[in-house]
Every structure is written in C-alpha cells, then in structure tokens.
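Counting convention: from 1, in listed order, for ligands and their atoms alike. Numbers here are sequence positions counted from 1.
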Amino acid sequence: MKNKRDSSVILGQDVAIGEHVHFGPNVVIGDRVKIGHHVVIKEGVTIEHDVDIGDFAIIGNPPLRGPSPLPPTRIEAGTRIGPRAIIYKGALIKRNCYVADLATIRERVIIGDHTIIGRGVAIENDTEIGSRVKIETNAYITAYSNLGDDVFIAPAVVTSNDPTAARSSHPIRLKGITVKTGGRIGAGAVILPGITIHKEALVGAGSVVTKDVPEKVIVIGNPARILKAVPEEQWLSCLRSAAQNENHLQ
Ligand SMILES: CC(C)(COP(=O)(O)OP(=O)(O)OC[C@H]1O[C@@H](n2cnc3c(N)ncnc32)[C@H](O)[C@@H]1OP(=O)(O)O)[C@@H](O)C(=O)NCCC(=O)NCCS
C-alpha cells in the first residue's frame, strides 16, 4: 500500500504527499502543505497552511508515560519540520518556525513564532520557548524550562533539572532552567537545575553555571563568575534601533 489514510482525514488544496505516508484518524492538513516520504502523522494532529514536513518525520507521537489526556499536536502556518524530526503529542509549534532534522520536541512544549530549533536538539516535556529564539545543534533543553523571546542557545549546551541526579529519597521536584528575554548561552555550557539567566545576560562558552546570572552581565568559568557587563552594542534595544535606521536609509 502506497499511503494509509483514515477516512476522517481532512486534506486542504494542493497538498503534496510523498510515498508511504501514514495518517491517523482526525488529522487536518491545510492548503499547500508538503509532506515527504515515510512520514507518520498520528491521531488528531492539525497542520496549518504552507507547512513543509521532511522525510521520515513523526508528528503527534504519544509519550511512553505521564499524565493524560494530552491536547492534540498543532503545527502552525509556514513552519518547516526537517527529516526524521519527532514532534510529540501535545506539542504546539507556532508560525514560521524551523525545526531541523533529528530534533525531538516532547509533549506540552510550546514554541513561539519564528523560532529555530537546530539539528538534533532535544526539548523535553512541559517547556515553553518564546519567539525568535535560536537553539543550535545538539543542545539539550531539560523538562520544565522556560526560554523567553530572542534567547540564543549555542551548540551542545546542556541544561539540567534534578539536583540529586536521580538519587532523591523524597518525591523529586524537578526544576528546569529559565532564560529571560535576550539571554544567551555559549557553546558547551552546563546550566544546573533551577537556575535563572536574567535578561540579556551571556554565559561564556564551556561555563558551568551554579548561581543565577544577573541582567546584562557576562559570566565565565567553572563555577561561572562575572567577567564584565554585556557591551551596549549587543543589547537588543541597540540592535533594534540599528536595524530601524538601516530600514530608513533604504
Ligand atoms: C565570554 C566571552 C563572550 C568573552 O569574550 P571577550 O569579551 O572577547 O573576552 P576576552 O576574549 O577578552 O577574554 C577575557 C578573559 O576571559 C577569559 N575567557 C574568555 N572566554 C572565556 C570562557 N568562555 N571561559 C573561560 N575563560 C574565558 C580569557 O581567557 C581572558 O582571560 P585573561 O584576561 O586571563 O587573558 C567569549 O569568550 C565567549 O565565550 N563567547 C561565546 C562564544 C560562543 O559560544 N558562541 C556560540 C556560537 S558558536
């Protein structure tokens, strides 16, 4: 059988579907959606207009365990999902995002508009990510985290949420990390459970962050200590006014 499609599936106009695609019940596909070969779209998924899904992607994958029921998975208009990405049931990916190949987005994750999730990135459950966020190759975002708008996470960053490293005698209270608007984490940094990186702070490459990082400072080292203030020309407000000036000149 070339494609398997439940009779309840609703397909929009001009949808391009590859070979060996499986659609579960009650799937809704918008206009001009492109679906690659061997894609699996599970029960109840909604894919809005102009979304592009790469070969072998799985959309709406049910988690092994955890509280149920989950809301249906939704991928909003203009978003691209790369080959072999796995989007779990209950994830919401908003407009014009790019989720690269091999990325995993777990249940109850919300991703804001124009956000880029790099190759092989894992975003664990119950995490909220803002708009215009960039998370680069192989970064690991632990469960129960919150990343604000315009956050940048460099390749191979590791975040953690269990202070006991799986040895708590009490019920484990997992604490994800928080990165406020415009916060940045350099390549290969490690962020300990429950840490907050405040607005527009920058964590240097390879740092181990053991304490909250104040607004607009750069921290480095293990344990990370304040090096200096973030230079003014890197503040979001400066970048925005520079961009506005450029637009006026054009
Ligand atoms: C932290 C950082 C922003 C500092 O850059 P900078 O302002 O140009 O600072 P300098 O290179 O002048 O370094 C100042 C001092 O801090 C040290 N230092 C710089 N970055 C460091 C880091 N990540 N860890 C430990 N020490 C560091 C330098 O060796 C230098 O020490 P010294 O005075 O004893 O010689 C930068 O080094 C960094 O880590 N950037 C992130 C890069 C990254 O991950 N990019 C992601 C996309 S690939």
Side-chain angles (χ1 to χ4, degrees), residues 54 79-85 93-94 96-105 109 111-124 127-143 145-161 163 165 176-243 246:
T79 281
R80 284 167 60 204
I81 307 290
R84 296 187 189 274
I93 304 179
K94 295 192 179 170
N96 299 311
C97 290
Y98 176 49
V99 177
D101 37 311
L102 296 163
T104 302
I105 314 280
V109 167
I111 298 181
D113 298 344
H114 293 94
T115 280
I116 296 172
I117 308 292
R119 182 181 195 275
V121 166
I123 314 256
E124 297 285 19
T127 287
E128 194 159 343
I129 294 176
S131 298
R132 301 173 303 281
V133 170
K134 220 176 180 189
I135 305 182
E136 297 204 323
T137 303
N138 289 341
Y140 176 76
I141 307 299
T142 192
S145 291
N146 191 303
L147 313 188
D149 294 340
D150 300 294
V151 160
F152 171 78
I153 310 286
V157 164
V158 174
T159 63
S160 56
N161 67 9
I177 67 144
T178 301
V179 186
K180 303 279 192 187
T181 307
R184 292 175 289 162
I185 306 181
V190 174
I191 316 296
L192 292 191
I195 293 292
T196 296
I197 294 163
H198 286 277
K199 282 186 185 172
E200 303 202 50
L202 169 58
V203 174
S207 305
V208 177
V209 180
T210 59
K211 292 195 172 93
D212 290 355
V213 180
E215 237 177 90
K216 287 183 174 160
V217 298
I218 301 177
V219 295
I220 53 166
N222 177 6
R225 303 268 187 240
I226 294 177
L227 172 69
K228 59 183 175 185
V230 171
E232 201 171 327
E233 67 269 18
Q234 294 185 15
W235 295 1
L236 287 174
S237 54
C238 289
L239 298 174
R240 280 184 190 136
S241 58
E246 224 165 81

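- Distance screen at 4.0 Å: atom 31 (O) of ligand 1 has no protein heavy-atom neighbour inside the cut-off.
- Numbered from 1 in the order shown, with element, the atoms of ligand 1 that lie under 4.0 Å from a heavy atom of A187 read 43 (C), 44 (O).
- Checking G206, A205, S207 against atom 24 (N) of ligand 1, the nearest heavy atom belongs to A205.
- Under the 4.0 Å distance rule, the nearest protein heavy atom to atom 28 (C) of ligand 1 falls outside the cut-off.
- Counting only heavy atoms, the protein never gets under 4.0 Å from atom 36 (C) of ligand 1.
- At least one donor-acceptor pair under 3.5 Å links the side chain of D149 to the backbone N or O of S131.
- Checking side-chain atoms of T115 against main-chain N and O of V133 turns up a donor-acceptor pair under 3.5 Å.
- Proximity to G204 (heavy-atom distance under 4.0 Å) selects the following atoms of ligand 1: 1 (C), 23 (N), 39 (O).
- The single protein non-hydrogen atom nearest to atom 48 (S) of ligand 1 is P155 CD, 4.3 Å, given as residue, atom name and distance.
- Taking all atoms of both residues into account, the shortest heavy-atom contact from P193 to P163 is CG-N, 3.6 Å.
- Any N or O atom pair closer than 3.5 Å counts here, and K228 shares at least one such pair with ligand 1.
- At a distance under 4.0 Å, a protein heavy atom can be found next to atom 7 (O) of ligand 1.
- For S145 (side chain) and I177 (main-chain N/O), a donor-acceptor pair under 3.5 Å exists by modelled atom type.
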Assess the residue pair K211 and R225 against the criterion (side chain to side chain contact (heavy atoms under 4.5 Å, CB included)); give the C-alpha distance rounded to whole Å, side-chain angles, the decisive distance to 0.1 Å, and a yes or no.
CA-CA 9 Å; K211 292 195 172 93; R225 303 268 187 240; 4.0 Å; yes

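- Residues P83 and D101 form a side-chain contact, since some pair of their non-hydrogen atoms from C-beta on lies under 4.5 Å apart.
- Shown in contact with G186 at under 4.0 Å from a heavy atom are these atoms of ligand 1, numbered in order with element: 44 (O).
- A donor-acceptor distance shorter than 3.5 angstrom exists from the side chain of T79 to the backbone of C97, with no hydrogens or angles considered.
- Using a 4.5 Å heavy-atom cutoff, the side chains of V179 and T159 are not in contact.
- Annotation: atom 15 (C) of ligand 1 to nearest protein heavy atom, L227 CD1, 4.2 Å.
- When distances from atom 12 (O) of ligand 1 to the protein are checked, no heavy atom turns up under 4.0 Å.
- In summary, R132 and D150 engage in a salt bridge, as defined by a charged side-chain N under 4.0 Å from a carboxylate O.
- Judged purely by atom type and a 3.5 angstrom limit, T137 has no side-chain atom pairing as donor or acceptor with the backbone of A156.
- Heavy atoms only, all atoms of each residue included: A100 and R119 are closest at CB-N, 3.4 Å.
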Determine, step by step, whether V230 and R184 satisfy the side chain to side chain contact (heavy atoms under 4.5 Å, CB included) criterion, reporting the C-alpha distance in whole Å, the side-chain angles of both residues, the deciding distance to 0.1 Å, and the verdict.
CA-CA 11 Å; V230 171; R184 292 175 289 162; 3.6 Å; yes

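- The ligand atoms of ligand 1 that sit less than 4.0 angstrom from a heavy atom of A154 are 46 (C).
- Ligand 1 places these atoms under 4.0 Å from at least one heavy atom of I218: 1 (C).
- Taking a distance limit of 4.0 Å, we find that atom 1 (C) of ligand 1 is approached by some protein heavy atom.
- Between I220 and ligand 1, no N or O atom pair is found at a separation short of 3.5 Å.
- Considering only non-hydrogen protein atoms, atom 47 (C) of ligand 1 sits nearest to F152 CZ, 3.9 Å.
- Atoms of ligand 1 lying under 4.0 Å from any heavy atom of L202, numbered from 1 in the order shown and given with element: 3 (C).
- Under the 4.0 Å distance rule, the nearest protein heavy atom to atom 44 (O) of ligand 1 falls inside the cut-off.
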